[in-house]
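Below, each value reflects all heavy atoms present in this structure, side chains not excepted, and no hydrogens, waters or symmetry copies.
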Amino acid sequence: KEKVKITKEQQALMKVVVEAYNRHQIPQDVAKKLLQEQYSEEENFLLLTEMATSQVQVLVEFTKNIPGFLSLNHEDQIALLKGSAVEAMFLRSAQVFSRKMPNGHTEVLEERIRKSGISEEFMTPMFNFYKSIGELHMMQEEQALLTAIAILTPDRPYVKDQQAVERLQEPMLDVLRKLCVLQHPQEPQYFARLLGRLTELRTLNHYHAEMLTSWRMNDHKFTPLLCEIWDVE
Ligand SMILES: Cc1cc(OCc2c(-c3c(Cl)cncc3Cl)noc2C(C)C)ccc1-c1ccc2c(C(=O)O)cn(C)c2c1
């Protein structure tokens, strides 16, 4: 059985991605509001919109730190961000749920999501996804690499130079695969399970588009940044 070894440059790549992932968190004052504001559907939607807007800013900063991203064609950079924003945010909010935020934040957050005008049919797949991420007990290295891999998906709409994106995604997949073998020796399928979550994420994109439509039908307003990244209004 060949000995799996992470090379020096793979260590360096992982370090850059994990540090960027940890450096960019939602500002505490935004997260704190979760506990303070009252529980109306309106207020919940506003809070979630504020968190989503803050999360997009965090996501853009993280993406800029992915080695090689800024040397991609500029239109392709935008296409990758727009194509992956919802998936990266579902990944992030799923990890927030699974890491059990401090003193009851998780319940509060779940309560607000459940009462924000999202119809029942989207709740089930969303919370199933949160649960399936939680069950993986991912390390932060795995979370950071999986998010970078989702962002560097070559076949997003409107990406012109897909090969250039593949050349950035492949080294991330290699180091994640080795990391999974080294960290989960008893679970040879762990890497495949992580990639399976990326497939599940793509289905959530579809549900999310419907969520946006139903919110807009009820005249809910989004911030300019969310309109930009989600092509609404
Ligand atoms: C938890 C959530 C929701 C969110 O989006 C909220 C939304 C979603 C939607 C939905 Cl409900 C669920 N998953 C993904 C989407 Cl994108 N779709 O539309 C909206 C808004 C516009 C109403 C955006 C961001 C967070 C979020 C992320 C990280 C952290 C965090 C940390 O990193 O430490 C601490 N807190 C409190 C966080 C909250």
Side-chain angles (χ1 to χ4, degrees), residues 24-63 78 81-135 143 147 150-151 153 156-157 197-233:
H24 303 304
Q25 300 252 359
I26 278 216
Q28 277 319 310
D29 61 318
V30 174
K32 235 192 347 277
K33 274 191 179 174
L34 265 177
L35 293 170
Q36 282 152 0
E37 308 295 335
Q38 90 265 22
Y39 286 81
S40 67
E41 184 177 303
E42 271 314 301
E43 194 51 52
N44 292 343
F45 179 80
L46 283 176
L47 264 178
L48 287 173
T49 300
E50 194 176 334
M51 286 192 299
T53 304
S54 163
Q55 182 68 17
V56 168
Q57 289 158 346
V58 162
L59 178 68
V60 169
E61 286 316 303
F62 169 67
T63 305
I78 301 298
L81 268 170
K82 290 174 73 140
S84 65
V86 171
E87 292 179 20
M89 287 159 73
F90 268 109
L91 258 181
R92 185 75 197 209
S93 50
Q95 279 140 20
V96 164
F97 271 97
S98 54
R99 86 166 172 240
K100 292 273 164 276
M101 283 187 294
N103 49 25
H105 275 54
T106 315
E107 290 71 22
V108 160
L109 184 55
E110 172 156 358
E111 182 65 21
R112 292 195 185 275
I113 289 180
R114 288 193 184 281
K115 294 202 175 43
S116 60
I118 299 172
S119 79
E120 206 40 51
E121 71 181 288
F122 308 135
M123 284 300 165
T124 314
M126 186 191 300
F127 283 97
N128 284 347
F129 178 73
Y130 287 167
K131 198 159 138 285
S132 71
I133 288 287
E135 284 159 359
Q143 291 178 22
T147 305
I151 294 164
T153 300
R156 295 292 186 199
R197 298 285 75 83
L198 292 185
T199 311
E200 192 179 350
L201 269 175
R202 288 202 177 213
T203 63
L204 288 174
N205 267 324
H206 161 75
Y207 285 118
H208 192 263
E210 313 245 324
M211 277 159 63
L212 287 182
T213 308
S214 64
W215 271 318
R216 287 173 61 214
M217 235 101 88
N218 305 326
D219 205 23
H220 281 91
K221 290 272 169 277
F222 298 101
T223 58
L225 181 58
L226 292 178
C227 293
E228 178 89 25
I229 201 133
W230 287 340
D231 283 334
V232 289
E233 260 138 4

>> Measuring from atom CD of Glu42 to atom CG of Leu47, what distance do you get when rounded to the nearest 0.5 angstrom?
In response: 11.5 Å

> According to the interplanar angle, ranging from 0 to 90°, do the rings of Trp230 and Phe222 count as parallel (below 30°), tilted (30 to 60°) or perpendicular (above 60°)?
Replying inline: perpendicular

> With a 3.5 Å cut-off and no angle check, do the side chains of Thr53 and Thr223 form a donor-acceptor pair?
Replying inline: yes

>> Filter on salt bridge (charged side-chain N to carboxylate O under 4.0 Å, His left out), then keep only pairs touching residues 115-127, sequence neighbours left out; what's left?
In response: Glu111-Lys115

> Going from CZ on Phe90 to OG1 on Thr147, what distance comes out if it is rounded to the nearest 0.5 angstrom?
Replying inline: 14.0 Å

> Which value, rounded to the nearest 0.5 Å, describes the distance between Tyr39 atom OH and Arg114 atom CZ?
Replying inline: 14.0 Å

> Hey, are the side chains of His220 and Glu41 touching, using non-hydrogen atoms and a 4.5 Å cut-off?
Replying inline: yes

> Under a 4.5 Å cut-off applied to non-hydrogen side-chain atoms, are Gln143 and Arg92 in contact?
Replying inline: no

May I have the list of side-chain donor-acceptor pairs in residues 54-63 shorter than 3.5 Å, sequence neighbours left out?
| unit_1 | atom_1 | unit_2 | atom_2 | d |
| --- | --- | --- | --- | --- |
| Glu61 | OE2 | Lys64 | NZ | 3.3 |
| Thr63 | OG1 | Leu59 | O | 2.7 |

> Can you list the residues that meet the side chain to side chain contact (heavy atoms under 4.5 Å, CB included) rule with Glu228, with sequence neighbours excluded?
Replying inline: none

> If you look only at pairs with a residue in residues 44-54, which of them pass as a salt bridge (charged side-chain N to carboxylate O under 4.0 Å, His left out), with sequence neighbours excluded?
Replying inline: Lys33-Glu50

Please tabulate, for side-chain N and O atoms in residues 204-213, each donor-acceptor pair with protein atoms closer than 3.5 Å (sequence neighbours left out).
| unit_1 | atom_1 | unit_2 | atom_2 | d |
| --- | --- | --- | --- | --- |
| Asn205 | ND2 | Glu87 | OE2 | 2.6 |
| Thr213 | OG1 | Ala209 | O | 2.9 |

> Are any side-chain N or O atoms of Ser40 and backbone N or O atoms of Glu43, one a donor and one an acceptor, separated by less than 3.5 Å?
Replying inline: yes

> Out of curiosity, Leu109 CG to Leu48 CG, how far, rounded to the nearest 0.5 Å?
Replying inline: 7.0 Å

>> Minimum heavy-atom separation for Glu200 and Ser132, please, with both atom names.
In response: OE1-OG, 3.3 Å

>> Please report the interatomic distance CH2(Trp215) to OG(Ser119), rounded to the nearest 0.5 Å.
In response: 9.5 Å

> Crowded around Gln36 CD? As in, over 12 foreign heavy atoms under 6.0 Å?
Replying inline: yes

> Do the ring planes of Tyr130 and Phe97 sit parallel (below 30°), tilted (30 to 60°) or perpendicular (above 60°)?
Replying inline: parallel

>> Applying side-chain contact (heavy atoms from CB on, under 4.5 Å) to Ile113 and Phe127, what does each step give before you reach the verdict?
In response: CA-CA 10 Å; Ile113 289 180; Phe127 283 97; 4.0 Å; yes

> In chain order, what residues pass the side chain to side chain contact (heavy atoms under 4.5 Å, CB included) check against Leu198, with sequence neighbours excluded?
Replying inline: Leu146, Ile149, Ala150, Leu195, Leu201

>> Please report the interatomic distance CE(Met89) to CG(Leu91), rounded to the nearest 0.5 Å.
In response: 11.5 Å

> Taking all non-hydrogen atoms of both residues, which atom of Thr153 and which atom of Arg202 are closest, and how far apart?
Replying inline: CG2-NH2, 2.6 Å

>> Please give me the minimum heavy-atom distance between Val30 and Met51, naming the atom from each residue.
In response: CG1-CG, 3.7 Å

